[in-house]
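Ligands are counted one by one from 1 in listed order, and the atoms in each one are counted from 1 as well. All values reported here derive from a predicted model rather than from experimental measurement.
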Amino acid sequence: MRRSVRVGGLAVLVAVLVAACRPVPPDATLRSLADLRDGRLIGTSVEPAQFGRSADATLIASQFSSVTPENVMKWEVVHPGPSTWNHAPGDAVVAFAEEHGQRVRGHTLVWHRQNPAWLTGGSYSRDELIAVLEDHISTLVGRYEGRVAQWDVVNEAIADDGTLRDTIWLRGIGPDYIRLAFEFAHAADPDAELFINDYLIERGGAKAATLLWIVASLRAQGVPIHGVGYQVHALVPSLMPTPEQFADEMRRFASRGMLVEITEMDVALQLPSDPTTGPQQQADAYGSAVMACLAVRECTGVTTWNYSDAESWIPGEFPGFGEASIYDAELRPKPAYERIRQLLWWNLRAR
Ligand code: XIL
């Protein structure tokens, strides 16, 4: 009996090792590889116009199991007047996702950018601004109740020096705006996973310390906050943390009961990029983040910000940088794409 158990165990080990040596199947998409794991998702940001181009639509549907509206659920698009709403583009994203069995991450309910002039230029008392915020969140989150699984409720609330960022929300409401936003979102969809999302928090430091304090104090007050989103806009690949550092950082939040997710990853290269080292460095950086996520049970997925260099926001925002995505401008997969596929495959085989 003991002997056969031992032999059986050895056979399993050999089978796993043999399987692990098999190359990743050439036709396996990111999503098909991720799907084989315990619910881990691989996503991209999207714009509705992309659904109208068949190569893009096919790529989004076949490669990704999660989508995030890049802009269309932001205030300036969805809520252009105090009582005017523009839901059609957001509806198109949710409909596309439902048609293709994809999760939607809602983005974003409270931010200091892409706000309409009526909001930024208005003069509101504290109570009035709270009422405006509640109306916005309850309308938008309520519209997609049960259909948008995660929301970035509060985005980029912390300044680079670790203080709370000076925004219309902080000025008009006070630090309480963070708690209120989560409570309004939870009231509108009690099942949605509610995230606080930020950049440059993957390597510890002042911002991550403040974030941990915010999360701990909100949880101590019983506020419905469920996750931390790591944007990971890696402008300089060499500044990426190692997978171990990144995973440890995520675990500091996971051990306090939080989900974590990589929500907006891209890796911008300085142009002109070196054709040999550039794509490899980029693949390393994407790979580090994917490895970190796979190493942390509470990491729900990895979303890339823009799937292709043709769509990328980087050249417009950071002149002199670009080529940040996992597909090039002709939708050809780059080494970073192949790296992610391999990591998902090895990870799967190792289980
Ligand atoms: C960016 C979009 O990609 C651009 O199209 C837009 O002009 C500006 O915003 N952090 C975020 C995202 O949370 O919403 C930002 O998206 C990128 C930085």
Side-chain angles (χ1 to χ4, degrees), residues 43-51 53 56 60 64 66-80 86 89-90 92-93 104-117 119-120 136-137 140-141 148 150-160 164-165 167-169 177-178 181-182 185 193-202 207-208 211 214 227-236 239-240 260-268 285-286 289 301-319 321-327 329:
T44 182
S45 64
V46 293
E47 289 282 2
Q50 295 156 355
F51 307 149
R53 302 195 298 262
D56 293 67
I60 295 166
F64 299 101
S66 174
V67 291
T68 304
E70 182 177 353
N71 288 299
V72 297
M73 289 188 191
K74 292 173 179 170
W75 278 77
E76 73 173 4
V77 179
V78 77
H79 199 171
N86 172 29
V93 172
V104 182
R105 295 197 83 254
H107 178 83
T108 178
L109 301 172
V110 182
W111 197 23
H112 61 286
R113 294 181 56 184
Q114 291 183 274
N115 287 318
L119 177 67
T120 52
H136 179 83
I137 292 179
L140 194 55
V141 176
V148 168
Q150 290 188 348
W151 278 99
D152 288 330
V153 177
V154 174
N155 195 30
E156 302 181 353
I158 306 169
D160 292 354
L164 284 187
R165 188 187 293 278
T167 68
I168 52 164
W169 307 110
Y177 83 85
I178 299 179
F182 280 93
E193 292 169 345
L194 305 180
F195 277 61
I196 188 163
N197 193 51
D198 217 319
Y199 64 89
L200 277 185
I201 51 170
E202 58 273 15
K207 287 187 74 166
L211 184 63
I214 292 173
V228 169
Y230 292 84
Q231 292 187 6
V232 196
H233 294 292
L235 265 189
V236 184
L239 286 184
M240 273 295 289
V260 293
E261 168 123 358
I262 295 169
T263 54
E264 307 185 12
M265 178 142 200
D266 50 19
V267 182
Y286 273 103
V302 178
T303 289
T304 64
W305 206 245
N306 307 123
Y307 49 89
S308 90
D309 291 343
E311 303 296 313
S312 176
W313 71 301
I314 292 287
E317 185 97 6
F318 302 98
F321 289 84
E323 300 174 0
S325 305
I326 63 174
Y327 287 91

Could you give the N/O to N/O pairs under 3.5 Å linking ligand 1 and the protein, each with its distance?
{"from": "ligand 1", "atom 1": "3 (O)", "to": "Glu70", "atom 2": "OE2", "distance (Å)": "2.5"}
{"from": "ligand 1", "atom 1": "3 (O)", "to": "Trp305", "atom 2": "NE1", "distance (Å)": "2.9"}
{"from": "ligand 1", "atom 1": "5 (O)", "to": "Glu70", "atom 2": "OE2", "distance (Å)": "3.1"}
{"from": "ligand 1", "atom 1": "5 (O)", "to": "Asn71", "atom 2": "ND2", "distance (Å)": "3.0"}
{"from": "ligand 1", "atom 1": "9 (O)", "to": "Lys74", "atom 2": "NZ", "distance (Å)": "3.2"}
{"from": "ligand 1", "atom 1": "9 (O)", "to": "Gln114", "atom 2": "OE1", "distance (Å)": "3.2"}
{"from": "ligand 1", "atom 1": "10 (N)", "to": "Glu156", "atom 2": "OE2", "distance (Å)": "3.2"}
{"from": "ligand 1", "atom 1": "10 (N)", "to": "Gln231", "atom 2": "OE1", "distance (Å)": "3.4"}
{"from": "ligand 1", "atom 1": "10 (N)", "to": "Glu264", "atom 2": "OE1", "distance (Å)": "3.0"}
{"from": "ligand 1", "atom 1": "13 (O)", "to": "His107", "atom 2": "NE2", "distance (Å)": "3.3"}
{"from": "ligand 1", "atom 1": "13 (O)", "to": "Asn155", "atom 2": "ND2", "distance (Å)": "2.9"}
{"from": "ligand 1", "atom 1": "13 (O)", "to": "Gln231", "atom 2": "NE2", "distance (Å)": "3.4"}
{"from": "ligand 1", "atom 1": "13 (O)", "to": "Glu264", "atom 2": "OE1", "distance (Å)": "3.3"}
{"from": "ligand 1", "atom 1": "13 (O)", "to": "Glu264", "atom 2": "OE2", "distance (Å)": "2.7"}
{"from": "ligand 1", "atom 1": "14 (O)", "to": "Lys74", "atom 2": "NZ", "distance (Å)": "2.7"}
{"from": "ligand 1", "atom 1": "14 (O)", "to": "His107", "atom 2": "NE2", "distance (Å)": "2.6"}
{"from": "ligand 1", "atom 1": "16 (O)", "to": "Lys74", "atom 2": "NZ", "distance (Å)": "3.2"}
{"from": "ligand 1", "atom 1": "16 (O)", "to": "Trp305", "atom 2": "NE1", "distance (Å)": "3.2"}

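Using cut-offs of 30° and 60° on the angle between ring planes, the pair Trp75 and His136 is parallel.
Legend: residues meeting salt bridge (charged side-chain N to carboxylate O under 4.0 Å, His left out) with Arg53, ordered by chain and number and at least two apart, are Asp56, Glu311. Residues that satisfy the salt bridge (charged side-chain N to carboxylate O under 4.0 Å, His left out) test with Glu264, not counting sequence neighbours, are absent from this structure. Legend: residues meeting side chain to side chain donor-acceptor pair (under 3.5 Å) with Thr303, ordered by chain and number and at least two apart, are absent.
The closest side-chain heavy-atom distance from Val154 to Trp169 is not below 4.5 Å.
His233 pairs in a ring-ring contact (aromatic ring centres under 6.0 Å, His included) with only one of the listed residues (Phe318, Phe321, Trp313), which is Trp313.
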